[in-house]
Amino acid sequence: MGLARSFQNLLLVLALSSAAASGEASRRFWVENDTFWKDGAPFQIVGGDVHYFRIVPEYWKDRLLRAKALGLNTIQTYVPWNLHEPEPRSWEFKGFTGIESYLRLAHELDMLVMLRVGPYICGEWDLGGFPPWLLTIEPAIELRSSDSTYLSLVDRWWGVLLPKVEPLLYSNGGPIIMVQIENEFGSFGDDKNYLHYLVEVARRYLGNDIMLYTTDGGAIDNLKNGTIPQDDVFAAVDFDTGSNPWPIFRLQKKYNLPGKSAPLSSEFYTGWLTHWGESIATTDASSTAKALKRILCHNGSAVLYMAHGGTNFGFYNGANTGQNESDYKADLTSYDYDAPIKEYGDVHNAKYKALRRIIHECTGIPLRSLPPEIERASYGLVKLQKVASLFDVIDNISDPLKVAFSEQPLSMELMGQMFGFLLYVSEYQEKHSSSILSIPKVHDRAQVFVSCSHGVLRNPRYVGKIERWSSKTLQIPNLSCSSNVSLYILVENMGRVNYGPYIFDQKGILSSVEIDGIILHHWKMHPVSLTAPGNLSKLQPIIQMTDAQASEVSIYGDSENKLHDVSFYLNEGISEEPAFYEGHFHIDSEFEKKDTFISFRGWNKGVAFVNNFNIGRFWPVKY
C-alpha cells in the first residue's frame with residue numbers, strides 16, 4: 001500500500017515535471033519572415049526605456065505600471081558596469097543596483113525586457129557606464145576595442161553579470177527577449193573582432209537561443225561598422241524622430257540576414273538631453289505622436305527613448321564634447337528627457353496622452369487605467385546653518401592614507417578619488433605685483449584660493465576659477481606675504497564624457513601648473529570624501545562654491561524628489577569659500593510622508609544630500 005502510494009506520487013512528480021518542461025519549451029522569441037514571433041504568433045514590440053538605476057527602488061513598480069498604462073509591452077534598460085563593479089572585483093547587486101529584482105518585477109507585471117548589457121552603454125551616464133578605475137590601468141587600455149587587457153576585464157564582468165541574467169531569459173521562463181551588445185558602435189569604430197568577441201562571450205553564458213542585437217544610427221556607415229549579421233546578431237536602428245522611418249528600415253534589411261529584419265527603432269526619441277546652461281530640451285507632443293504612428297500603424301516596432309527618464313543621482317551624470325575635448329558640456333542631474341512619464345512620475349501631460357492614444361489606435365492594446373497620482377506636500381522653508389569651512393575640516397574628511405605628495409599633480413583616478421572633488425595644494429614665492437596662474441588642462445572646474453603660508457593672512461582667499469571649457473589662466477592679486485603663498489586648487493569632476501572620441505576622460509589637474517611661466521612642484525593632494533565626513537556629526541558634505549547669497553531653501557510640493565525624515569546638507573554657498581551647510585525638518589507620521597521638491601533659488605553651485613542620500617548637483621545661477 002505504502003509502496004503503491006509512493007509510486008503514484010513519483011508518477012505525479014514526473015508528470016508535473018514533464019508538463020513544466022513542455023510549457024517552457026513553448027516559450028520562444030525569434031525573428032522570421034521579417035517579423036518578430038513570440039510563442040508561435042507574430043509580435044509587435046511597443047517598448048520604452050525605463051532605467052532601474054535612475055529611479056529609487058521604492059518607485060520601480062510605480063514607473064513600470066505607468067509605462068504599462070501607456071500601452072507598452074516591453075521595457076528596455078541599460079546595465080551600467082560602473083554601478084555594479086565600483087572597485088575591481090567588488091560587486092554590487094542590491095538596492096539601486098538590484099537588477100535581478102527589477103527584472104523579476106517587470107516579469108510579475110507581465111512586461112518583456114530588452115536588456116542592454118554593454119559593456120559600453122553611452123546613456124548620458126558617467127564614462128558611458130565604464131568604471132573609472134579602468135582609466136588607472138598601465139599601460140593605458142583602449143576602451144571599446146580588441147585590446148586584450150580590456151577584453152579580459154569585460155570577460156570578468158560579464159562572467160558575473162550574465163549568469164545572473166541567464167535564468168531570466170524568456171526561454172527559461174523569464175522576461176528577457178533580447179540582449180544588446182555594445183551600443184551604437186558604428187558611430188565610434190569598425191573593430192569587428194571586438195564585436196565578434198562580445199558575441200562569443202554572450203553566447204558562452206546565455207546560450208544560442210537568445211536573440212542578440214545591436215543598435216546603430218540609421219545611416220550606411222554606422223550600420224556597416226556596427227553590425228555583425230554573420231554572427232546571427234539582429235541589427236536595430238535609431239534615427240531622428242522627424243525622419244521618414246521606412247527608407248531607414250529598408251536600409252536596415254541590408255544589414256540583417258535574409259528574412260530576419262523586422263523593422264525596429266530601438267531608440268525612438270521622445271525628447272532630448274540637456275546640458276548645464278542650456279534651455280531645457282522639449283519636443284512637441286503632437287509631432288512626436290505622429291512620428292510614432294508612422295511606425296506602429298504600419299506594423300513596425302519601436303522602443304521609446306525615454307518612456308521615463310528619471311534622475312542622474314549622485315555624481316553619475318555624463319557629458320559630451322564638441323570639436324575638441326575642451327568643448328565640454330556636462331549633463332544635468334535631471335534626466336527628465338521630456339519623456340511622457342515625467343521625472344517625478346506625472347502622466348497628466350500632452351505627450352503621455354498623445355502617445356497613449358496612438359499606441360492604442362495602431363496596436364489595439366487595451367487602454368489600462370492609470371495608476372493613482374503620487375501625492376506631494378510642501379514643507380516650507382528650511383534654515384541652513386554653516387557647519388564648517390572646507391579648509392577648516394579638510395584633515396577630518398580626507399582619509400590620511402589617501403592623502404598624497406607628488407612633484408606633479410596627479411589625476412583623480414590615480415588618487416582613487418573617482419567622483420566628486422580633489423584639493424591640490426602647493427606654494428610659490430610672491431612677486432611685488434600680481435601673478436598669472438596657468439593650468440592648460442583641468443577636468444573640469446577649478447576654484448582657486450590663496451593665503452600666506454605663515455603670518456596673519458592664513459585663511460584662504462578666493463580669487464576665481466579656471467574651467468575646462470573657458471579660461472585657462474587667472475590673475476592672482478599680491479597678498480604682501482612675508483612668506484611664500486599657499487595655493488589651493490579645488491577641482492570638481494562634473495561627469496565623464498560618455499560619447500565620442502574623447503571618452504578616455506580622466507579628471508583633476510592633468511597638466512603642469514604655472515605661476516608666471518614657472519612650473520610649480522611639490523603638490524599635496526587631499527581627496528574630499530563625501531561619504532565619510534568623520535567628525536562633522538556624520539555630515540555628508542556638499543561643496544557649494546563661493547558666491548551664493550542664500551541661507552535657506554524651500555521644500556515645496558509641486559515639483560519633485562522623495563524625502564523621508566531629512567537631514568539636509570549643502571555647500572558652495574553663503575560665503576566666498578567652499579563650506580558645508582546643514583538644515584533639518586521633520587515629518588511626524590507616515591501619513592505626512594510625501595514627495596516634494598527642493599528650490600535652490602539664490603544659491604550658486606553645490607551638491608544636495610537628504611538623509612545621507614546624494615540627490616545630485618544643483619547650479620541654479622546657470623538659469
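No experiment lies behind these values; they were computed from the predicted model shown.
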**OP:** Could you tell me if the ring centre of Tyr344 sits under 6.0 Å from that of Tyr59?
**Re:** no
Original post:
Strictly by modelled atom types, are Thr311 and Glu343 linked by a side-chain donor-acceptor pair under 3.5 Å?
Top reply: yes
Subject >> Residue pair Trp157 / Val79, side-chain heavy-atom distance below 4.5 Å >> reply: yes
Subject >> Interatomic spacing from NE2 in His107 to CG in Leu112 - rounded to 0.5 Å >> reply: 9.0 Å
Original post:
Are His51 and Met306 close enough that some pair of their side-chain heavy atoms sits under 4.5 Å apart?
Top reply: yes
Original post:
Do the side chain of Asn498 and the main chain of Gly318 share a donor and acceptor less than 3.5 angstrom apart?
Top reply: no
Subject >> Ile177 and Phe36: CA distance, side-chain angles, deciding distance, side-chain contact (heavy atoms from CB on, under 4.5 Å) verdict >> reply: CA-CA 11 Å; Ile177 55 172; Phe36 291 119; over 6 Å; no
Original post:
What distance do Leu257 atom CG and Glu32 atom CD have between them, rounded to the nearest 0.5 Å?
Top reply: 13.0 Å
**OP:** On the 0 to 90° scale, with breaks at 30° and 60°, tag the Tyr337-Trp272 ring pair as parallel, tilted or perpendicular.
**Re:** tilted
Original post:
Quick check: does any side chain N or O of Thr274 sit under 3.5 Å from a backbone N or O of Ala281, one acting as donor and the other as acceptor?
Top reply: yes
**OP:** Would you name the heavy atoms of Thr288 and Tyr269 that are closest together and state the gap between them?
**Re:** CG2-O, 4.3 Å
**OP:** Return yes if some donor-acceptor pair links the side-chain N/O of Lys342 with the main-chain N/O of Ala339 below 3.5 Å, else return no.
**Re:** yes
**OP:** Please report the closest heavy-atom contact between Leu292 and Leu355, naming both atoms and the distance.
**Re:** CD2-CD2, 3.8 Å
Original post:
Are any side-chain N or O atoms of Asp240 and backbone N or O atoms of Gly242, one a donor and one an acceptor, separated by less than 3.5 Å?
Top reply: no
Subject >> Polar contact flag, side-chain donor to acceptor under 3.5 angstrom, Asn312-Glu124 >> reply: no
Original post:
Which atom pair, heavy atoms only, marks the closest approach of Met114 to Ile45?
Top reply: SD-CG2, 4.0 Å
Subject >> Test item: Arg203 and Ile210 side chains (from C-beta on) under 4.5 Å apart, heavy atoms >> reply: yes
**OP:** Give the ring-plane orientation class for Trp30 versus Trp37, where under 30° counts as parallel, over 60° as perpendicular and anything between as tilted.
**Re:** parallel
Original post:
Between Arg27 (side chain) and Gly174 (backbone), is there a donor-acceptor pair under 3.5 Å?
Top reply: yes
**OP:** Can you tell me which residue pairs pass the ring pair (Phe, Tyr, Trp, His ring centres under 6.0 Å) test with a partner in residues 194-219, sequence neighbours excluded?
**Re:** Tyr150-Tyr194, Phe185-Tyr194
**OP:** Ignoring hydrogens and angles, tell me if any N or O in the side chain of Thr333 forms a donor-acceptor pair with the backbone of Arg617 under 3.5 Å.
**Re:** yes
Original post:
Do Leu273 and Asn320 touch side chain to side chain, with heavy atoms closer than 4.5 Å?
Top reply: yes
Original post:
Parallel, tilted or perpendicular: which describes the rings of Tyr335 and Tyr305, with under 30° parallel and over 60° perpendicular?
Top reply: perpendicular
**OP:** Scan side-chain atoms only and decide if Asp191 and Ser145 contain a donor-acceptor pair under the 3.5 Å cut-off.
**Re:** no
Subject >> Glu592 atom CD: more than 12 heavy-atom contacts under 6.0 Å >> reply: yes
Original post:
Name the one of Thr214, Ile220, Asp216 that satisfies side chain to side chain contact (heavy atoms under 4.5 Å, CB included) with Tyr255?
Top reply: Ile220
**OP:** Decide whether Thr215 and Gln180 meet the rule of one side-chain donor and one side-chain acceptor closer than 3.5 Å.
**Re:** yes
Subject >> Over-ring placement of Arg496 relative to Phe419, 6.0 Å and 45° cut-offs >> reply: yes
**OP:** For a side chain to side chain contact (heavy atoms under 4.5 Å, CB included) with Pro340, tell me which candidate from Asp346, Val347, Thr270 qualifies.
**Re:** Thr270
Subject >> Short side-chain donor-acceptor distance under 3.5 Å, Tyr170 and Asp39 >> reply: yes
Original post:
Under 4.5 Å between any side-chain heavy atoms of Ile228 and Lys192, yes or no?
Top reply: yes
**OP:** Would you check if the side chain of Thr227 reaches a backbone N or O of Pro229 as a donor-acceptor pair within less than 3.5 Å?
**Re:** no
Subject >> Test side-chain contact (heavy atoms from CB on, under 4.5 Å) applied to Leu168 and Val113, step by step >> reply: CA-CA 10 Å; Leu168 298 168; Val113 173; over 6 Å; no
**OP:** Just jot down the ring-ring contact (aromatic ring centres under 6.0 Å, His included) partners of Tyr352, sequence neighbours excluded, or say none.
**Re:** none
Subject >> Any Lys68 side-chain heavy atom under 4.5 Å of Asp110 side chain >> reply: yes
**OP:** Give a yes or no answer on whether the side chain of Asn256 reaches the backbone of Ala235 with a donor-acceptor pair at less than 3.5 Å.
**Re:** yes
Subject >> Evaluation steps, salt bridge (charged side-chain N to carboxylate O under 4.0 Å, His left out), between Arg116 and Asp49 >> reply: CA-CA 10 Å; Arg116 315 175 88 174; Asp49 269 79; 3.6 Å; yes
Original post:
With no hydrogens and no angle check, is any side-chain donor or acceptor of Gln76 less than 3.5 Å from a backbone partner on Val303?
Top reply: no
Subject >> Heavy atoms from other residues, nucleotides or ligands near CZ of Arg156 exceed 12 (cutoff 6.0 Å) >> reply: yes
Original post:
Any donor-acceptor pair under 3.5 Å linking the side chain of Asn349 with the backbone of Lys351?
Top reply: yes
**OP:** Show your reasoning for whether side-chain contact (heavy atoms from CB on, under 4.5 Å) applies to Arg356 and His360.
**Re:** CA-CA 6 Å; Arg356 186 171 183 249; His360 173 67; 6.0 Å; no
Subject >> Spacing of CD1 belonging to Ile295 relative to CD belonging to Gln44, to within rounding of 0.5 Å >> reply: 10.0 Å
Original post:
Any idea which heavy atoms bring Pro371 and Arg66 closest together, and the distance?
Top reply: CG-CG, 3.7 Å
Original post:
What closest approach, in Å, do Ala202 and Leu212 show between heavy atoms, and which atom pair accounts for it?
Top reply: CB-CD1, 4.1 Å
**OP:** Can you see which heavy atom on Phe53 is nearest to which on Thr77, and at what distance?
**Re:** CE2-OG1, 4.1 Å
Original post:
Is the distance between the ring centroids of Phe96 and Tyr316 under 6.0 Å?
Top reply: no
**OP:** Rounded to the nearest 0.5 Å, what's the gap from CH2 on Trp133 to OG on Ser90? Could you check?
**Re:** 10.5 Å
Subject >> Point-to-point distance, once rounded to the nearest 0.5 Å, from CG of Leu143 to OH of Tyr120 >> reply: 10.5 Å
**OP:** Verify salt bridge (charged side-chain N to carboxylate O under 4.0 Å, His left out) between Asp155 and Arg204, making sure each step is shown before the conclusion.
**Re:** CA-CA 10 Å; Asp155 202 335; Arg204 184 194 316 159; 3.1 Å; yes
Original post:
Is there side-chain contact between Cys362 and Lys293, with at least one heavy-atom pair below 4.5 Å?
Top reply: yes
Subject >> Stepwise side-chain contact (heavy atoms from CB on, under 4.5 Å) test for Trp158 and Trp81 >> reply: CA-CA 9 Å; Trp158 276 10; Trp81 183 359; over 6 Å; no
Subject >> Trace of the salt bridge (charged side-chain N to carboxylate O under 4.0 Å, His left out) decision for Asp209 with Arg28 >> reply: CA-CA 8 Å; Asp209 293 334; Arg28 185 182 172 213; over 6 Å; no
Subject >> Ring-ring centroid check Phe613 Phe313, cutoff 6.0 Å >> reply: yes
Original post:
Is there a side-chain contact between Leu103 and Leu115, using heavy atoms and a 4.5 Å cut-off?
Top reply: yes
